[in-house]
*Asks:* 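Sharing a structure here in C-alpha cells format.
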Amino acid sequence: MQRQPRSDHGPDARLGFTTLAGLLIVLAVVTGCRNLGPRTIPGDRSEYSNAIGESWKRQTLLNIVKLRYLDPPTFVDVGQIVAGYSLETSFNAGGSLPESAALGGNTAILGGSSRFTDRPTITYTPLTGNKFVKALMTPLPPDAVFFTVQSGYAADAVFFASVGTMNGLKNQESNIAGVSPPDKDFLRALELLRKIQLSGAVGMRIQQDAQKQQTTLVTFRSDNISQETLADIRELRRLLHLDPEAAAFKLVFGGTASNDKELAILTRSLLHIMNTMAVQVEVPPQHITEGRATPGFDSVTAVPEQQRLMHIRSSKEKPANACVAVSYRGYWFWIDDRDLKTKRSFAFMMMLFTLSETGEKENLPLITIPAQ
C-alpha cells in the first residue's frame, strides 16, 4: 500500500496564519476609519490664525511706509479659507499553504498603501468701494476714543495718535512739507489725563433725553481722591478752559468748545493716523534728497522723544530682532521687537481697523488660489 506524503502543515499552522491575516486586516480597517477632521482643528486653527495675523501686520506696515513715499495704500482681506483633507488607505494580504515543504513552504503576501491630500483654498477680497473709503477717511467718533481709554489703553498714547485738537489745544500735525510741533499745553494735558486715568478719577456716562438722543458725558470724580490727583484735575480744567466746579462735561466733536461745560475734541480718521505714522518712518536720506519720499522726523532737528508716536526703522539687510518687517524699494522697514512704545502704537492702529465700520462688502472681484 502506497503511503500518502505527510504534510508539514497541520491545522494549527493554518489556523495561526489565518488568525494573523485576519488581525492585520482588522487593524488596517480600524486605522483607516479613524476621523481625520477633528484631529486637524487644534493645529490648523492656530496656524491659520497666526498666518493671517502676520500677513495683516505686514500689510499695515507696508501701507504706512508707502504713504511716506506718496504711494496709495491698498488693502486685501482674507475672505475665506476652505481646508480640504483626504486620507485613503488600502490593504491586501495573501498566502499559500502547500501540502509539502518541498513545494516551498508557507508563503504570505502583505501589502498596503495610503495617500494623504491637503488642499486648502484661500479667497482674497480687495477692500475698496464707497463704504470702505468713507470709513477710512471719516474721523473717529469722540466717544469711541474715550471708550478706548476706558478699556485700559494709555490715555496719552490714544489721544496723541487719534486727536488733532482738544478744546483749542493743537496736537502735532504732519503734511507734505514736514512736521509742525504740538502745543506745549496739549502735551501737558495728555500727561495730566494719563495720571488722572491711573488714579481712576476719570469716567464716562451715557445720558438719554426724552427724544432718545444720547449724550456722552466725561466725569471727574472728587470723592476719595488724593490731593495730588485733585491738583492734577484742577490744572487740566484750567488748560482746557473747563468749569472748575462742574462734575460732568458734554463730549462733542469739534476743535473748540462752545462753553466751559463742553469737552470738544477734533478726532482724526484712520487715514490721517496712518499718515501721522508714515512721517515717523526712518527712510534712507537719499530718498528724501532725490524727492522720492516726503520730509519727516528725520528732517527735523532735536525732536523730543515725547513727540514721537512710533519709530519704524529701515536697513539694507533683513533685521534680526523685528516684530514685523517688510521689504520695499530695496530696503527693509521694520519695528524693533524691543520697542514697546512703537509696538503699542502699531497694535492700537490695527485695533482701530478692526473696530472701524466698513459696511457690508460689495460684489468685488475675487482672487482664489488653490494651494496645492
Side-chain angles (χ1 to χ4, degrees), residues 43-84 118-140 144 161-162 268-281 283 287 292-294 309-310 312-314 318-319 322-335 337 342-372:
D44 285 359
R45 188 166 187 171
S46 60
E47 290 179 8
Y48 278 119
S49 177
N50 291 337
I52 292 174
E54 185 64 26
S55 66
W56 185 25
K57 290 194 300 182
R58 293 180 184 179
Q59 177 178 253
T60 304
L61 178 60
L62 179 60
N63 282 326
I64 292 174
V65 174
K66 289 171 68 176
L67 286 171
R68 181 67 186 273
Y69 288 84
L70 299 185
D71 286 346
T74 55
F75 300 89
V76 178
D77 192 20
V78 179
Q80 189 179 44
I81 299 176
V82 179
D118 179 4
R119 187 174 296 172
T121 300
I122 304 173
T123 302
Y124 298 96
T125 306
L127 295 179
T128 183
N130 178 62
K131 291 182 179 179
F132 177 75
V133 174
K134 183 178 179 180
L136 198 64
M137 301 181 69
T138 301
L140 299 171
S162 59
R268 293 169 171 170
S269 65
L270 292 176
L271 188 59
H272 193 164
I273 297 174
M274 290 182 66
N275 274 304
T276 302
M277 293 181 172
V279 171
Q280 306 185 37
V281 175
V283 300
H287 287 184
R292 301 180 186 275
T294 59
L309 178 62
M310 65 191 312
I312 300 176
R313 295 166 168 82
S314 65
K318 186 174 181 179
C323 166
V324 55
V326 292
S327 178
Y328 183 70
R329 292 179 179 252
Y331 283 82
W332 284 94
F333 295 88
W334 51 286
I335 295 176
D337 195 38
T342 297
K343 289 168 63 176
R344 180 185 63 181
S345 300
F346 188 72
F348 173 67
M349 177 74 234
M350 296 182 65
M351 185 198 68
L352 291 179
F353 268 103
T354 304
L355 298 179
S356 64
E357 180 60 44
T358 58
E360 297 180 359
K361 294 181 180 178
E362 302 176 5
N363 294 327
L364 302 172
L366 302 180
I367 307 170
T368 302
I369 303 176
Q372 302 289 344

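Atom set for the values below is all heavy atoms of this structure, side chains included, hydrogens, waters and symmetry mates excluded.
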*Asks:* With a 4.5 Å heavy-atom cut-off, do Ile122 and Tyr124 have their side chains touching?
*Replies:* yes
*Asks:* Name all residues meeting the side-chain hydrogen bond (donor to acceptor under 3.5 Å, both in side chains) criterion together with Tyr48; count only those two or more places apart in sequence or in a different chain, and write none if there are none.
*Replies:* none
*Asks:* From Ile52 CD1 over to Gln59 CD, what is the distance, rounded to the nearest 0.5 angstrom?
*Replies:* 12.0 Å
*Asks:* Which distance, rounded to the nearest 0.5 Å, do you find between the CZ of Phe75 and the OG1 of Thr125?
*Replies:* 15.0 Å
*Asks:* Quick one, Met277 with Ile273, criterion side-chain contact (heavy atoms from CB on, under 4.5 Å). Give me CA distance, side-chain angles, the key distance, then yes/no.
*Replies:* CA-CA 6 Å; Met277 293 181 172; Ile273 297 174; 4.0 Å; yes
*Asks:* Spell out, as yes or no, whether a donor-acceptor pair under 3.5 Å connects the side chain of Lys343 to the backbone of Asp337.
*Replies:* yes
*Asks:* What's the shortest heavy-atom distance between Leu67 and Ala278, and which atoms?
*Replies:* CB-CB, 3.8 Å
*Asks:* Identify, with sequence neighbours excluded, every residue that meets side-chain hydrogen bond (donor to acceptor under 3.5 Å, both in side chains) alongside Ser269.
*Replies:* none
*Asks:* Are the side chains of Asn275 and Leu271 in contact, using a 4.5 Å heavy-atom criterion?
*Replies:* yes
*Asks:* What is the distance from atom CZ of Phe346 to atom NZ of Lys57, rounded to the nearest 0.5 Å?
*Replies:* 7.5 Å
*Asks:* Would you say the side chain of Arg58 lies within less than 4.5 Å of the side chain of Val324, judging by non-hydrogen atoms?
*Replies:* yes
*Asks:* What's the separation between atom CE in Met274 and atom CG in Leu61, rounded to the nearest 0.5 Å?
*Replies:* 9.5 Å
*Asks:* Would you call Leu140 and Leu270 a side-chain contact if the rule is heavy atoms closer than 4.5 Å?
*Replies:* yes
*Asks:* Can you name the residues that form a side-chain hydrogen bond (donor to acceptor under 3.5 Å, both in side chains) with Asp71, not counting sequence neighbours?
*Replies:* Tyr328, Arg329
*Asks:* Any side-chain heavy atom of Tyr69 within less than 4.5 Å of one from Lys66?
*Replies:* no
*Asks:* For the CG atom of Leu309 and the OG1 atom of Thr342, what is their distance to the nearest 0.5 Å?
*Replies:* 8.0 Å
*Asks:* So, does Ser314 use its side chain to make a donor-acceptor pair with the main chain of Phe333 at under 3.5 Å?
*Replies:* no
*Asks:* Which pair of non-hydrogen atoms, one from Thr294 and one from Arg68, has the smallest distance, and what is that distance?
*Replies:* O-NE, 2.6 Å
*Asks:* Evaluate the side-chain proximity of Met137 to Val133: yes if any heavy-atom separation is below 4.5 Å, no if none is.
*Replies:* yes
